[in-house]
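Chain letters run A, B, ... following the sequence lines, proteins first and then strands; every chain starts at 1.
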There are 4 protein chains.
Amino acid sequence: MGISERKQREKEQRRHDIILAAEGVFFSKGIHVATVDEVAEAAELSKGTLYLYFKNREELIAAVFHRGMDLLQQMMVGSSLQSSKAIDKIRALGRVYLDFAKKHPDHFALLLEKELHRLAMDDSTPEAQSCVESGLQLLTMLKLLIIQGIQEGSIRNDIDPARMALIVWGQIHGVIAIASQEEHSDHFQKFCSFDLESIVTTTIEMIVNGIIK
Amino acid sequence: MGISERKQREKEQRRHDIILAAEGVFFSKGIHVATVDEVAEAAELSKGTLYLYFKNREELIAAVFHRGMDLLQQMMVGSSLQSSKAIDKIRALGRVYLDFAKKHPDHFALLLEKELHRLAMDDSTPEAQSCVESGLQLLTMLKLLIIQGIQEGSIRNDIDPARMALIVWGQIHGVIAIASQEEHSDHFQKFCSFDLESIVTTTIEMIVNGIIK
Amino acid sequence: MGISERKQREKEQRRHDIILAAEGVFFSKGIHVATVDEVAEAAELSKGTLYLYFKNREELIAAVFHRGMDLLQQMMVGSSLQSSKAIDKIRALGRVYLDFAKKHPDHFALLLEKELHRLAMDDSTPEAQSCVESGLQLLTMLKLLIIQGIQEGSIRNDIDPARMALIVWGQIHGVIAIASQEEHSDHFQKFCSFDLESIVTTTIEMIVNGIIK
Amino acid sequence: MGISERKQREKEQRRHDIILAAEGVFFSKGIHVATVDEVAEAAELSKGTLYLYFKNREELIAAVFHRGMDLLQQMMVGSSLQSSKAIDKIRALGRVYLDFAKKHPDHFALLLEKELHRLAMDDSTPEAQSCVESGLQLLTMLKLLIIQGIQEGSIRNDIDPARMALIVWGQIHGVIAIASQEEHSDHFQKFCSFDLESIVTTTIEMIVNGIIK
DNA sequence: AATGAATGAGTCTTCATTCAT
DNA sequence: GATGAATGAAGACTCATTCAT
């Protein structure tokens with residue numbers, strides 16, 4: 001029994017290694033430009049072997065996308081939202097999102113790629129399901145915190161919590177997206193001094209300002 | 001002579017027609033997947049003719065991108081921000097952005113594509129310059145309105161106007177992006193009732209809430 | 001009457017101008033690489049106009065080839081082989097050939113291009129005929145001089161004059177070809193000091209040595 | 001392991017087969033006209049496979065060129081220049097060159113193609129080096145024989161040996177080139193009876209006549 | 001006569017995928 | 001399981017030639 005389990009573990013380990021190699025290649029070369037050969041080389045495997053672990057190039061991409069979702073999920077779970085007050089927890093959640101964007105900028109960039117969503121869900125594998133759910137989880141968590149805030153009387157109650165959650169997510173995501181994209185653009189450097197960290201801090205404050213009673 | 005002028009006009013018209021055809025193909029198939037042949041067919045032209053008007057596939061894409069920027073710019077210029085109060089003008093600007101996203105969803109989606117920015121600017125043609133400027137114009141306009149609002153005493157003065165402009169843009173962009181992407185997803189439909197229009201209206205209100213004194 | 005003659009002259013002049021432009025392009029870019037567009041541009045004409053004067057790209061190349069033959073012929077005719085002695089005339093003919101190679105190195109290089117011979121003769125135009133003849137003319141002249149030399153008793157009589165002519169031509173042509181090709185090669189520079197002029201002078205002397213009685 | 005060695009051998013064999021197929025296509029159609037597809041078909045391989053063995057169309061051409069140089073080199077090495085006298089050895093070397101031109105007329109024709117020299121040397125691979133050397137080797141051998149002849153007192157000593165070597169090579173090459181090109185031309189058939197073999201024999205005799213004391 | 005826009009067949013090259021070993 | 005040679009279907013781009021104006 002132990003043998004087949006070990007084999008299974010090894011297989012998953014190798015699959016994971018391939019995903020890491022793929023990440024490296026995809027993110028440095030660009031997903032649409034990087035080739036399977038390059039991934040194989042990075043993984044120090046033959047091209048044929050890759051196809052033992054992934055049916056498709058697409059499936060490989062989906063796996064990378066999926067891993068990004070997992071990373072986000074882990075960071076959310078890992079962050080102990082300790083404070084008792086809903087508003088503070090929302091603040092903390094915003095910071096987690098920022099941390100994710102900073103640690104995994106390329107994964108962050110994938111979050112809103114329409115094409116990838118289609119890809120990741122075409123196969124109705126259980127993986128794909130969880131993938132979407134991981135997207136929803138952030139929203140759901142936000143919604144719950146908002147409800148808590150409303151109950152505490154700290155958050156305005158004239159907006160549907162689910163809707164507010166969506167908006168809050170969109171707001172913070174948009175700011176991070178624009179800021180981290182233009183971080184290296186001269187044009188925008190001239191426009192305002194750029195420091196992703198402080199900009200997002202300000203943003204969170206402004207968002208909070210918009211939702212408190 | 002009128003004759004050479006007409007020729008010139010016709011040539012530009014044809015170039016424009018090609019861009020429209022390219023838009024159709026690129027947006028339906030996806031920019032990375034669509035081929036030059038497909039664009040040629042859509043434009044009812046031979047492949048060779050396309051290359052008379054565009055040096056490259058890249059230049060073709062850049063032209064499409066550029067047109068999106070133009071469309072946005074036109075809508076911004078076209079919208080007479082009539083109200084005298086800065087806050088109301090900002091609201092109006094937000095609605096213009098929403099209108100743009102609704103009328104030209106695919107162009108809207110391109111706004112933040114890193115790769116395209118690179119593409120559109122690689123050629124240091126005057127066109128490329130105006131392209132970037134059109135991106136900055138929105139920001140600049142926002143900044144001016146914010147400054148006006150601060151002077152009017154209606155907008156908080158503890159945040160640098162340029163920075164605030166960037167944030168406001170990010171916020172509204174993010175909400176529209178997420179909302180319009182997930183509009184057709186069952187998962188999100190279940191999460192909250194989806195109506196891009198009303199969601200953005202709420203968003204604008206929340207943003208305004210965040211920036212007023 | 002004068003009008004149509006003038007038109008005719010102008011037409012031939014233009015045709016000639018095109019050939020000169022084609023030479024420039026073909027010789028600098030390489031015949032196989034240069035395009036009709038480039039020739040048109042060099043001739044400051046539209047591509048369509050070129051096809052009024054030349055049926056084909058091939059015909060254009062043939063015309064250039066033909067012009068080379070003409071140039072050689074003119075130089076041969078122009079050189080008054082004054083000396084009375086056959087051997088000296090042959091020497092002079094060799095120098096003419098060298099002069100041709102120096103003045104028109106690219107035309108010289110075309111002389112032995114198999115492909116061009118085929119091209120130049122495919123159309124059985126009178127031009128093509130004269131083209132070959134101009135090739136033969138050199139040989140014929142050589143043969144006559146050799147016969148004269150034999151009669152004078154200065155040239156050995158154990159070799160058929162026609163055959164000897166062919167050989168002499170081949171000898172001098174080969175030396176010029178190799179020398180002028182490798183003139184700019186570092187490898188050959190190291191092998192022996194290069195001076196086309198003096199090498200050919202030596203060659204002529206050696207050839208003469210080989211044919212005198 | 002013998003297995004990987006066999007694989008290696010097979011791969012080289014295949015590479016060699018492709019070169020042979022390329023030779024067939026290039027020489028019958030003309031190097032500039034023949035296409036990669038035609039080579040692939042001749043090699044009974046898919047086009048893609050060709051690109052596993054050769055990076056480029058250019059590299060393929062260079063390989064063919066290189067093989068020609070190898071063939072010449074082998075024939076030179078293979079010919080035991082037995083006679084003790086320098087003059088006789090030079091005669092023998094001339095015959096080897098003739099044999100090469102007869103056995104591999106197309107490779108012979110490539111020897112002086114400027115463009116190919118550039119091609120074959122652009123990649124500064126060791127192959128390319130040996131390629132040039134093989135060209136020089138003939139010259140060097142000639143020079144040594146000439147020096148020997150001078151020492152023996154059979155060859156005139158008023159001409160620099162290196163220069164004489166170059167000239168002798170040019171002479172014999174030129175005669176073979178012209179003769180083998182025009183061999184099939186009616187025009188030249190009329191001019192003198194054509195028999196490559198006997199013409200070159202005569203040529204060698206004439207050259208020898210030109211260099212002996 | 002001159003133009004130059006339009007054509008489309010043709011070329012090289014790439015790359016995801018398969019399969020015999 | 002692992003390999004990597006082989007495939008062939010595309011794809012981007014070129015260019016000689018034509019033809020309406």
Please report, rounded to the nearest Å, how far the [atom2] atom of [N] is from the [atom1] atom of [X].
X       : N      : atom1 : atom2 : result
A/Phe54 : E/dT17 : CZ    : P     : 13 Å
D/Lys11 : F/dA5  : NZ    : P     : 4 Å
B/Asp37 : E/dG8  : CG    : C1'   : 11 Å
C/Glu41 : F/dA16 : CD    : P     : 14 Å
D/Leu50 : F/dA6  : CG    : C1'   : 12 Å
B/Ile18 : E/dT7  : CD1   : C1'   : 13 Å
D/Lys7  : F/dA5  : NZ    : P     : 8 Å
C/Lys29 : F/dC15 : NZ    : C1'   : 13 Å

### Query
Are B/Glu12 and B/Arg9 close enough that some pair of their side-chain heavy atoms sits under 4.5 Å apart?
no
### Query
NA contact type, C/Tyr53, heavy-atom cut-off 4.0 Å: base, sugar-phosphate, or nothing?
sugar-phosphate
### Task
Identify, between A/Leu52 and B/Thr35, the residue whose nearest nucleotide on DNA chain F lies closer to the 5' end.
A/Leu52
#### Entry: Nearest-nucleotide 5' precedence on DNA chain F, D/Gly48 against C/Lys47
D/Gly48
Closer than 4.0 Å, any side-chain N/O of [X] to the OP1 or OP2 of [N]?
X       : N      : value
C/Arg14 : E/dA2  : yes
A/Asn56 : E/dT17 : yes
D/Tyr51 : F/dT7  : no
C/Thr49 : E/dA2  : no

### Query
What nucleotide among E/dC12, F/dT17, F/dG4 has an atom nearest to a side-chain atom of D/Arg57?
E/dC12
### Task
Using the side chain to side chain contact (heavy atoms under 4.5 Å, CB included) rule, take D/Asp37 and D/Glu41 through it: C-alpha gap first, then chi angles, then the decisive distance, then the call.
CA-CA 6 Å; D/Asp37 294 65; D/Glu41 195 178 1; over 6 Å; no
#### Entry: Given DNA chain E, 5'-ward residue of the pair D/Ala34 and A/Ala34, judged by closest heavy atom
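Its nearest nucleotide being more 5', the pick is D/Ala34.
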### Message
Assuming nearest nucleotide by heavy-atom distance, tell me which of C/Leu45 and D/Glu38 is located more 5' along DNA chain E.
### Response
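This one resolves to C/Leu45.
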### Query
Could you give the distance from NE2 (A/His104) to CG (A/Asp106), rounded to the nearest 0.5 Å?
10.5 Å
### Message
Show every ring pair (Phe, Tyr, Trp, His ring centres under 6.0 Å) that has at least one partner inside residues 23-47 of chain B, sequence neighbours left out.
### Response
A/His32-B/His32, B/Phe27-B/His107
### Task
State whether the number of non-hydrogen atoms from other residues, nucleotides or ligands found under 6.0 Å of C/Glu10 atom CD is greater than 12.
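Atom CD in C/Glu10 is packed in, count exceeds 12.
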### Nucleotide paired to F/dA20 in any strand shown, Watson-Crick or G-U, under 3.5 Å
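Checking every strand shown, F/dA20 finds its partner in E/dT3, with both distances under 3.5 Å.
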